[in-house]
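Okay, so here's the structure we're looking at.
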Amino acid sequence: MEEPLHLTIQTDVFIILALTALICVLVILLSKKIDRADPLARPQGIVLGALWLVQTLDNQVRNNVGPRIAKNLTPYIVAIAIYIFLSNILGLFSISSPTSNYSVTLTLAIITWTMVQIAQLKAGGFKAYMHAFIEPIPVFLPMNIFGKFSSLLSMSLRLFGNILCGSIIMSLVYSFTGWCSTALISLIVPTDSAFNFVALILAPALHFYFDLFAGFIQTLIFITLTMVFVGNELPEEMKQA
(Lines give C-alpha, C1' and ligand atoms only; values in the text may rest on other atoms or scores of the structure.)
Protein backbone atom coordinates (compact mmCIF):
# COMPACT_ATOMS: atom_id res chain seq x y z
CA MET A 1 0.00 0.00 0.00
CA GLU A 2 1.41 3.31 -1.01
CA GLU A 3 2.01 5.83 1.71
CA PRO A 4 0.05 9.09 1.43
CA LEU A 5 1.90 12.02 -0.06
CA HIS A 6 2.84 14.58 2.56
CA LEU A 7 3.44 18.14 1.44
CA THR A 8 5.62 20.33 3.58
CA ILE A 9 5.74 24.10 3.36
CA GLN A 10 9.06 25.80 3.95
CA THR A 11 9.22 28.33 6.74
CA ASP A 12 10.60 30.82 4.22
CA VAL A 13 7.21 30.84 2.47
CA PHE A 14 5.57 32.45 5.50
CA ILE A 15 8.43 34.95 5.80
CA ILE A 16 8.09 35.84 2.11
CA LEU A 17 4.34 36.33 2.45
CA ALA A 18 4.74 38.41 5.61
CA LEU A 19 7.44 40.60 4.03
CA THR A 20 5.36 41.09 0.88
CA ALA A 21 2.31 42.03 2.95
CA LEU A 22 4.41 44.45 5.02
CA ILE A 23 5.77 46.16 1.92
CA CYS A 24 2.25 46.47 0.46
CA VAL A 25 0.93 48.04 3.68
CA LEU A 26 3.87 50.45 3.86
CA VAL A 27 3.42 51.46 0.21
CA ILE A 28 -0.29 52.12 0.75
CA LEU A 29 0.33 54.19 3.88
CA LEU A 30 3.14 56.11 2.19
CA SER A 31 0.98 56.73 -0.87
CA LYS A 32 -1.76 58.22 1.30
CA LYS A 33 0.79 60.36 3.11
CA ILE A 34 2.15 61.67 -0.20
CA ASP A 35 -1.39 62.41 -1.42
CA ARG A 36 -2.03 64.51 1.71
CA ALA A 37 1.27 66.37 1.43
CA ASP A 38 1.24 69.98 0.26
CA PRO A 39 2.63 69.99 -3.32
CA LEU A 40 3.89 73.56 -2.85
CA ALA A 41 5.71 72.84 0.43
CA ARG A 42 9.15 71.31 0.74
CA PRO A 43 8.93 67.52 1.31
CA GLN A 44 10.01 66.32 4.74
CA GLY A 45 10.52 63.08 6.62
CA ILE A 46 9.52 59.82 4.99
CA VAL A 47 7.97 61.63 2.03
CA LEU A 48 11.32 63.24 1.26
CA GLY A 49 13.08 59.88 1.58
CA ALA A 50 10.59 58.15 -0.75
CA LEU A 51 10.82 60.91 -3.37
CA TRP A 52 14.62 60.86 -3.20
CA LEU A 53 14.74 57.08 -3.66
CA VAL A 54 12.35 57.06 -6.62
CA GLN A 55 14.03 60.03 -8.30
CA THR A 56 17.52 58.59 -7.82
CA LEU A 57 16.58 55.21 -9.28
CA ASP A 58 14.56 56.81 -12.08
CA ASN A 59 17.59 58.86 -13.12
CA GLN A 60 19.74 55.73 -13.19
CA VAL A 61 17.18 53.85 -15.27
CA ARG A 62 16.85 56.75 -17.70
CA ASN A 63 20.61 56.87 -18.16
CA ASN A 64 20.64 53.19 -19.14
CA VAL A 65 17.44 52.67 -21.15
CA GLY A 66 16.16 56.13 -22.01
CA PRO A 67 13.04 58.01 -20.83
CA ARG A 68 10.45 56.02 -22.81
CA ILE A 69 11.48 52.59 -21.53
CA ALA A 70 12.11 54.02 -18.05
CA LYS A 71 8.38 54.69 -17.63
CA ASN A 72 7.80 50.94 -17.46
CA LEU A 73 11.13 49.80 -16.02
CA THR A 74 11.52 52.24 -13.12
CA PRO A 75 8.56 50.87 -11.08
CA TYR A 76 10.05 47.37 -11.32
CA ILE A 77 13.52 48.58 -10.30
CA VAL A 78 12.12 50.46 -7.29
CA ALA A 79 10.03 47.46 -6.26
CA ILE A 80 12.84 44.89 -6.40
CA ALA A 81 15.30 47.30 -4.76
CA ILE A 82 13.02 47.66 -1.74
CA TYR A 83 12.16 43.96 -1.62
CA ILE A 84 15.73 42.69 -1.96
CA PHE A 85 17.18 45.16 0.55
CA LEU A 86 14.54 44.42 3.19
CA SER A 87 14.99 40.69 2.58
CA ASN A 88 18.75 40.99 2.97
CA ILE A 89 18.60 42.79 6.33
CA LEU A 90 16.12 40.46 8.02
CA GLY A 91 19.10 38.74 9.64
CA LEU A 92 19.33 41.75 11.96
CA PHE A 93 16.07 40.56 13.53
CA SER A 94 17.08 36.88 13.71
CA ILE A 95 14.77 36.08 10.79
CA SER A 96 15.82 33.94 7.87
CA SER A 97 16.38 36.09 4.78
CA PRO A 98 14.17 35.15 1.79
CA THR A 99 17.11 35.88 -0.50
CA SER A 100 19.05 33.06 1.17
CA ASN A 101 16.50 30.75 -0.49
CA TYR A 102 17.50 30.01 -4.08
CA SER A 103 13.91 29.78 -5.29
CA VAL A 104 13.47 33.48 -4.43
CA THR A 105 16.64 34.72 -6.13
CA LEU A 106 15.98 32.47 -9.14
CA THR A 107 12.47 33.91 -9.50
CA LEU A 108 13.81 37.47 -9.40
CA ALA A 109 16.51 36.58 -11.94
CA ILE A 110 13.93 34.93 -14.24
CA ILE A 111 11.88 38.14 -14.26
CA THR A 112 14.95 40.18 -15.18
CA TRP A 113 16.06 37.61 -17.77
CA THR A 114 12.60 37.64 -19.37
CA MET A 115 12.71 41.43 -19.62
CA VAL A 116 16.09 41.18 -21.37
CA GLN A 117 14.67 38.70 -23.91
CA ILE A 118 11.72 40.99 -24.56
CA ALA A 119 14.12 43.88 -25.12
CA GLN A 120 16.08 41.78 -27.62
CA LEU A 121 12.90 40.85 -29.50
CA LYS A 122 11.72 44.45 -29.65
CA ALA A 123 15.12 45.69 -30.78
CA GLY A 124 15.83 43.20 -33.58
CA GLY A 125 12.68 41.20 -34.17
CA PHE A 126 12.03 37.47 -33.89
CA LYS A 127 14.14 36.50 -36.90
CA ALA A 128 17.24 38.31 -35.63
CA TYR A 129 16.65 36.89 -32.14
CA MET A 130 16.65 33.31 -33.41
CA HIS A 131 19.51 33.91 -35.84
CA ALA A 132 21.73 35.06 -32.96
CA PHE A 133 21.83 31.45 -31.73
CA ILE A 134 23.88 30.36 -34.76
CA GLU A 135 26.20 33.35 -34.99
CA PRO A 136 28.91 33.56 -36.20
CA ILE A 137 28.54 29.98 -37.48
CA PRO A 138 26.01 27.21 -36.64
CA VAL A 139 28.59 25.18 -34.70
CA PHE A 140 28.37 27.84 -31.96
CA LEU A 141 24.73 26.93 -31.23
CA PRO A 142 25.41 25.05 -27.94
CA MET A 143 27.66 27.83 -26.64
CA ASN A 144 25.16 30.53 -27.62
CA ILE A 145 22.38 28.67 -25.83
CA PHE A 146 24.52 28.41 -22.72
CA GLY A 147 25.43 32.08 -23.00
CA LYS A 148 21.75 32.99 -23.25
CA PHE A 149 21.10 31.48 -19.82
CA SER A 150 24.42 32.38 -18.18
CA SER A 151 23.16 35.75 -16.96
CA LEU A 152 20.15 34.03 -15.40
CA LEU A 153 22.38 31.69 -13.41
CA SER A 154 24.97 34.31 -12.48
CA MET A 155 22.43 36.84 -11.15
CA SER A 156 20.49 34.29 -9.11
CA LEU A 157 23.55 32.50 -7.73
CA ARG A 158 25.42 35.71 -6.90
CA LEU A 159 22.63 37.11 -4.74
CA PHE A 160 21.78 33.73 -3.20
CA GLY A 161 25.39 32.80 -2.46
CA ASN A 162 26.37 36.07 -0.83
CA ILE A 163 23.35 36.27 1.45
CA LEU A 164 23.50 32.57 2.36
CA CYS A 165 27.23 32.78 3.15
CA GLY A 166 26.59 35.77 5.40
CA SER A 167 23.91 33.83 7.28
CA ILE A 168 26.17 30.79 7.69
CA ILE A 169 29.09 32.90 8.90
CA MET A 170 26.90 34.65 11.49
CA SER A 171 25.61 31.28 12.71
CA LEU A 172 29.20 30.08 13.15
CA VAL A 173 30.10 33.32 14.93
CA TYR A 174 27.25 32.88 17.42
CA SER A 175 28.26 29.26 18.01
CA PHE A 176 31.87 30.27 18.62
CA THR A 177 31.02 33.21 20.89
CA GLY A 178 28.62 30.97 22.81
CA TRP A 179 31.43 28.51 23.43
CA CYS A 180 33.77 31.35 24.45
CA SER A 181 31.19 32.77 26.86
CA THR A 182 30.65 29.40 28.50
CA ALA A 183 34.40 28.79 28.76
CA LEU A 184 35.03 32.17 30.39
CA ILE A 185 32.19 31.80 32.89
CA SER A 186 33.38 28.27 33.69
CA LEU A 187 36.67 29.74 34.91
CA ILE A 188 34.68 31.38 37.72
CA VAL A 189 31.64 29.13 38.19
CA PRO A 190 31.46 25.62 36.69
CA THR A 191 28.60 25.56 34.17
CA ASP A 192 27.56 23.82 30.98
CA SER A 193 25.93 26.90 29.43
CA ALA A 194 26.08 30.64 29.91
CA PHE A 195 24.75 33.87 28.50
CA ASN A 196 26.48 34.63 25.21
CA PHE A 197 27.96 37.97 26.28
CA VAL A 198 30.91 37.71 23.87
CA ALA A 199 28.44 38.02 20.97
CA LEU A 200 27.40 41.43 22.28
CA ILE A 201 30.94 42.61 21.56
CA LEU A 202 31.61 40.96 18.19
CA ALA A 203 28.19 40.53 16.56
CA PRO A 204 27.16 44.20 16.00
CA ALA A 205 30.11 44.99 13.71
CA LEU A 206 29.67 41.72 11.81
CA HIS A 207 25.93 42.31 11.40
CA PHE A 208 26.70 45.76 10.05
CA TYR A 209 28.91 44.23 7.36
CA PHE A 210 27.07 41.01 6.45
CA ASP A 211 23.51 42.35 6.77
CA LEU A 212 23.51 46.10 6.16
CA PHE A 213 26.59 46.74 4.00
CA ALA A 214 26.59 43.46 2.03
CA GLY A 215 22.79 43.60 1.78
CA PHE A 216 22.93 47.07 0.27
CA ILE A 217 25.77 46.15 -2.10
CA GLN A 218 23.98 43.03 -3.36
CA THR A 219 20.81 45.04 -3.90
CA LEU A 220 22.75 47.65 -5.85
CA ILE A 221 24.47 44.98 -7.97
CA PHE A 222 21.21 43.23 -8.85
CA ILE A 223 19.32 46.35 -9.94
CA THR A 224 22.37 47.71 -11.77
CA LEU A 225 22.77 44.48 -13.75
CA THR A 226 19.06 44.57 -14.58
CA MET A 227 19.32 48.10 -15.96
CA VAL A 228 22.56 47.40 -17.84
CA PHE A 229 21.40 44.10 -19.37
CA VAL A 230 18.16 45.65 -20.62
CA GLY A 231 19.91 48.82 -21.80
CA ASN A 232 22.56 46.90 -23.74
CA GLU A 233 19.89 45.24 -25.88
CA LEU A 234 18.17 48.47 -26.91
CA PRO A 235 19.30 50.47 -29.95
CA GLU A 236 20.23 54.10 -29.39
CA GLU A 237 17.15 55.37 -31.22
CA MET A 238 14.88 53.61 -28.70
CA LYS A 239 16.82 55.10 -25.77
CA GLN A 240 16.55 58.62 -27.18
CA ALA A 241 12.89 58.40 -28.12
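Numbering starts at 1 and runs along the sequence shown. The figures here come from the full heavy-atom set of this structure, side chains too, leaving out hydrogens, waters and symmetry mates. Not measured: the values here are computed from a predicted model.
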Can you hop from [X] to [Y] via hydrophobic side chains spaced under 4.5 Å?
| X | Y | answer |
| --- | --- | --- |
| Val78 | Leu26 | no |
| Ile185 | Leu202 | yes |
| Tyr102 | Ile110 | yes |
| Phe213 | Phe222 | yes |
| Ile80 | Val228 | no |

Heavy-atom closest pair, residues [X] and [Y]:
| X | Y | value |
| --- | --- | --- |
| Asn196 | Ser181 | OD1-OG, 3.1 Å |
| Val65 | Met227 | CG1-O, 4.0 Å |
| Ala109 | Met155 | CB-CB, 4.2 Å |
| Cys180 | Val198 | CB-CG2, 4.2 Å |
| Arg62 | Pro67 | NH1-CB, 3.1 Å |
| Tyr174 | Thr177 | O-OG1, 3.1 Å |

So does [Y] get a backbone contact from the side chain of [X], meaning a donor-acceptor N/O pair under 3.5 Å?
| X | Y | value |
| --- | --- | --- |
| Ser31 | Val27 | no |
| Asn64 | Gln60 | yes |
| Thr224 | Ile221 | no |
| Ser156 | Leu153 | yes |

Identify which one of Thr99, Asn88, Leu159 satisfies the side chain to side chain contact (heavy atoms under 4.5 Å, CB included) criterion when paired with Thr219.
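So, applying the side chain to side chain contact (heavy atoms under 4.5 Å, CB included) to Thr219 and each of Thr99, Asn88, Leu159, only Asn88 qualifies.
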For the residue pair Phe133 and Tyr129, does the interplanar ring angle fall in the parallel (under 30°), tilted (30 to 60°) or perpendicular (over 60°) class?
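Phe133 and Tyr129: perpendicular rings.
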Which is it for Ile118 and Glu233 under the side chain to side chain contact (heavy atoms under 4.5 Å, CB included) test, yes or no, and what are the steps along the way?
CA-CA 9 Å; Ile118 294 174; Glu233 302 303 330; over 6 Å; no
Quick one, His207 with Leu212, criterion side chain to side chain contact (heavy atoms under 4.5 Å, CB included). Give me CA distance, side-chain angles, the key distance, then yes/no.
CA-CA 7 Å; His207 273 299; Leu212 283 178; over 6 Å; no
Does either side chain, that of Tyr76 or that of Thr112, offer a donor lying less than 3.5 Å from an acceptor on the other one?
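A donor-acceptor contact under 3.5 Å links the two side chains.
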Any side-chain donor-acceptor pair under 3.5 Å between Gln117 and Lys122?
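Absent: no donor and acceptor within the cut-off.
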Side-chain heavy atoms under 4.5 Å apart, restricted to Ile/Leu/Val/Met/Phe/Trp/Tyr: what other residues fall into the cluster of Leu51, or is it alone?
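Other cluster members: Leu30, Ile34, Ile46, Val47.
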Look at atom [atom1] of [X] and say whether more than 12 heavy atoms of other residues, nucleotides or ligands are closer to it than 6.0 Å.
| X | atom1 | result |
| --- | --- | --- |
| Phe197 | CZ | yes |
| Glu135 | CD | yes |
| Phe85 | CZ | yes |

Is there side-chain contact between [X] and [Y], with heavy atoms separated by less than 4.5 Å?
| X | Y | answer |
| --- | --- | --- |
| Ile134 | Phe140 | no |
| Ser87 | Leu19 | yes |
| Trp52 | Thr56 | yes |
| Asp12 | Pro98 | no |
| Ile82 | Leu53 | yes |
| Leu225 | Arg158 | yes |
| Tyr83 | Val104 | yes |
| Ile223 | Leu57 | yes |

Hey, do the aromatic rings of Phe229 and Trp113 have their centres closer than 6.0 Å?
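So the answer is no for these two rings.
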Working to the nearest 0.5 angstrom, can you tell me the gap between [X] [atom1] and [Y] [atom2]?
| X | Y | atom1 | atom2 | result |
| --- | --- | --- | --- | --- |
| Gln120 | Asn232 | CD | CG | 10.0 Å |
| Asn144 | Ser150 | CG | OG | 10.5 Å |
| Ile163 | Ile168 | CD1 | CD1 | 12.0 Å |
| Ile15 | Ser100 | CD1 | OG | 8.0 Å |
| Leu29 | Cys24 | CG | SG | 11.0 Å |
| Leu172 | Leu206 | CG | CG | 11.5 Å |

Could you check Leu141 against Phe146 for side chain to side chain contact (heavy atoms under 4.5 Å, CB included), going step by step and ending with a plain yes or no?
CA-CA 9 Å; Leu141 176 63; Phe146 178 79; over 6 Å; no
